[in-house]
Amino acid sequence: MELLSQFIEITLTTIKDVIPIAVIIFGFQIAVIRRRIANLRKVLIGFAYVIVGLALFLLGLEKALFPIGRLMAEQLTDPEFIRSWSGSVADALQWQDYFWVYVFAFSIGASTTIAEPSLIAVAIKANEVSGGAIGVWGLRIAVAIGVAVGISLGTWRIVTGYPIHWFIIAGYIVVVIQTCFAPKMIVPLAYDSGGVTTSTVTVPLVAALGLGLAETVPGRSALIDGFGLIAFASLFPMITVMAYAQISEFRTKRARATG
């Protein structure tokens, strides 16, 4: 009964969130375009599917992904666990003692990005618009690698305590340089890829990891150091997607030259 009650509550909240979107779409259709909505019955059924799907998805996040993310962050960043496998006897742990934290950050960054619904939608559309030139799995894997590397680097930054702006500035310098040399077709898509990674699956787990790490590492602030991992998750996919396009272009040119 408690689960059903929570599902109903989430469904009602989802309806409130979807109503403004429906009002704008139907309002423009009726007041601006001034045409009847084609297949109105199918459209309404589609909205019902969206509401039920979002409600189930949010309930799953609340019941599974959020608790797992918090639990894994707490366990992996527990000083006693770290000392048990690293053999460190010093009072202060070193950055290399957090090896499994980096591995977990890389793994969770890659897996959540692969499962990100918004990235799947963008990859499918990019494949359609490009006539198959941009592969669905190629784009998803390129973005996933970028997120995984970014989050791993972000956790290392939290452990070491280096200022976050050093990494962000350096990363965007790389992005600007790549923009000048990457294929023009891929640049807008690479910029969008950075945004679609910060969605419903990735953010809860990544935020939980950053906050848990900042709370357990001595001298770190949960507010100042705990947040910021999402910025890494948004930045590095732009680099990897443009690198993916540059490598593909280079291989194509070399194949033509040798052929």
Grab the two heavy atoms, one from [X] and one from [Y], that are nearest each other, plus how far apart they are.
{"X": "Pro237", "Y": "Ser193", "answer": "CB-O, 4.2 Å"}
{"X": "Ala190", "Y": "Met238", "answer": "O-CG, 3.1 Å"}
{"X": "Leu139", "Y": "Ala123", "answer": "CD2-CA, 3.7 Å"}
{"X": "Gly135", "Y": "Asn127", "answer": "CA-ND2, 4.0 Å"}
{"X": "Ala182", "Y": "Val187", "answer": "CB-CG2, 4.2 Å"}
{"X": "Pro183", "Y": "Gln246", "answer": "CD-CG, 4.0 Å"}

With a 4.5 Å cut-off on side-chain heavy atoms, are [Y] and [X] touching?
{"X": "Glu116", "Y": "Ile120", "answer": "no"}
{"X": "Glu128", "Y": "Ile124", "answer": "yes"}
{"X": "Phe7", "Y": "Leu56", "answer": "yes"}
{"X": "Leu40", "Y": "Phe26", "answer": "yes"}
{"X": "Thr155", "Y": "Phe106", "answer": "no"}
{"X": "Val143", "Y": "Tyr244", "answer": "no"}
{"X": "Arg34", "Y": "Ile30", "answer": "no"}
{"X": "Tyr102", "Y": "Leu153", "answer": "no"}

Strictly below 4.0 Å, N to O, side chains only: are Arg83 and Glu80 in salt-bridge contact?
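Answer for the salt bridge query: no.
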Counting only heavy atoms not in [X], do more than 12 sit closer than 6.0 Å to its [atom1] atom?
{"X": "Gln96", "atom1": "CD", "answer": "yes"}
{"X": "Phe28", "atom1": "CZ", "answer": "no"}
{"X": "Lys184", "atom1": "NZ", "answer": "yes"}

Are [X] and [Y] in one and the same hydrophobic cluster, where Ile, Leu, Val, Met, Phe, Trp and Tyr link if side-chain heavy atoms are under 4.5 Å apart?
{"X": "Leu209", "Y": "Val149", "result": "yes"}
{"X": "Ile24", "Y": "Val32", "result": "yes"}
{"X": "Ile114", "Y": "Val206", "result": "yes"}
{"X": "Trp137", "Y": "Val147", "result": "yes"}
{"X": "Val18", "Y": "Val52", "result": "no"}

Donor-acceptor pair, [X] side chain versus [Y] backbone, under 3.5 Å?
{"X": "Ser130", "Y": "Ile134", "result": "yes"}
{"X": "Thr240", "Y": "Ile145", "result": "no"}
{"X": "Gln29", "Y": "Arg35", "result": "yes"}
{"X": "Asp78", "Y": "Gln75", "result": "no"}
{"X": "Gln178", "Y": "Ile239", "result": "yes"}

Rounded to the nearest 0.5 Å, what's the gap from [atom1] on [X] to [atom2] on [Y]? Could you check?
{"X": "Ile247", "Y": "Met242", "atom1": "CD1", "atom2": "CE", "answer": "12.5 Å"}
{"X": "Lys253", "Y": "Ser248", "atom1": "NZ", "atom2": "OG", "answer": "12.0 Å"}
{"X": "Ile19", "Y": "Ile51", "atom1": "CD1", "atom2": "CD1", "answer": "7.5 Å"}
{"X": "Arg220", "Y": "Thr160", "atom1": "CZ", "atom2": "OG1", "answer": "7.0 Å"}
{"X": "Leu76", "Y": "Phe81", "atom1": "CG", "atom2": "CZ", "answer": "5.5 Å"}
{"X": "Leu54", "Y": "Ile15", "atom1": "CG", "atom2": "CD1", "answer": "11.0 Å"}

Evaluate the criterion side chain to side chain contact (heavy atoms under 4.5 Å, CB included) for residue pair Lys63 and Leu3; output intermediate values, then yes/no.
CA-CA 10 Å; Lys63 290 296 182 182; Leu3 186 63; 4.0 Å; yes
Can you check side chain to side chain contact (heavy atoms under 4.5 Å, CB included) on Phe236 and Ile151, steps first, answer last?
CA-CA 9 Å; Phe236 279 82; Ile151 295 176; over 6 Å; no
Quick check: Trp156 with Tyr162 (ring centres under 6.0 Å apart)?
yes
Side chain to side chain contact (heavy atoms under 4.5 Å, CB included) assessment of Leu229 paired with Ile158:
CA-CA 9 Å; Leu229 279 182; Ile158 293 175; 4.3 Å; yes
Apply the test side chain to side chain contact (heavy atoms under 4.5 Å, CB included) to residues Val159 and Val101: give CA-CA distance (whole Å), side-chain angles for both, the deciding distance (0.1 Å), then the verdict.
CA-CA 10 Å; Val159 172; Val101 174; 5.6 Å; no
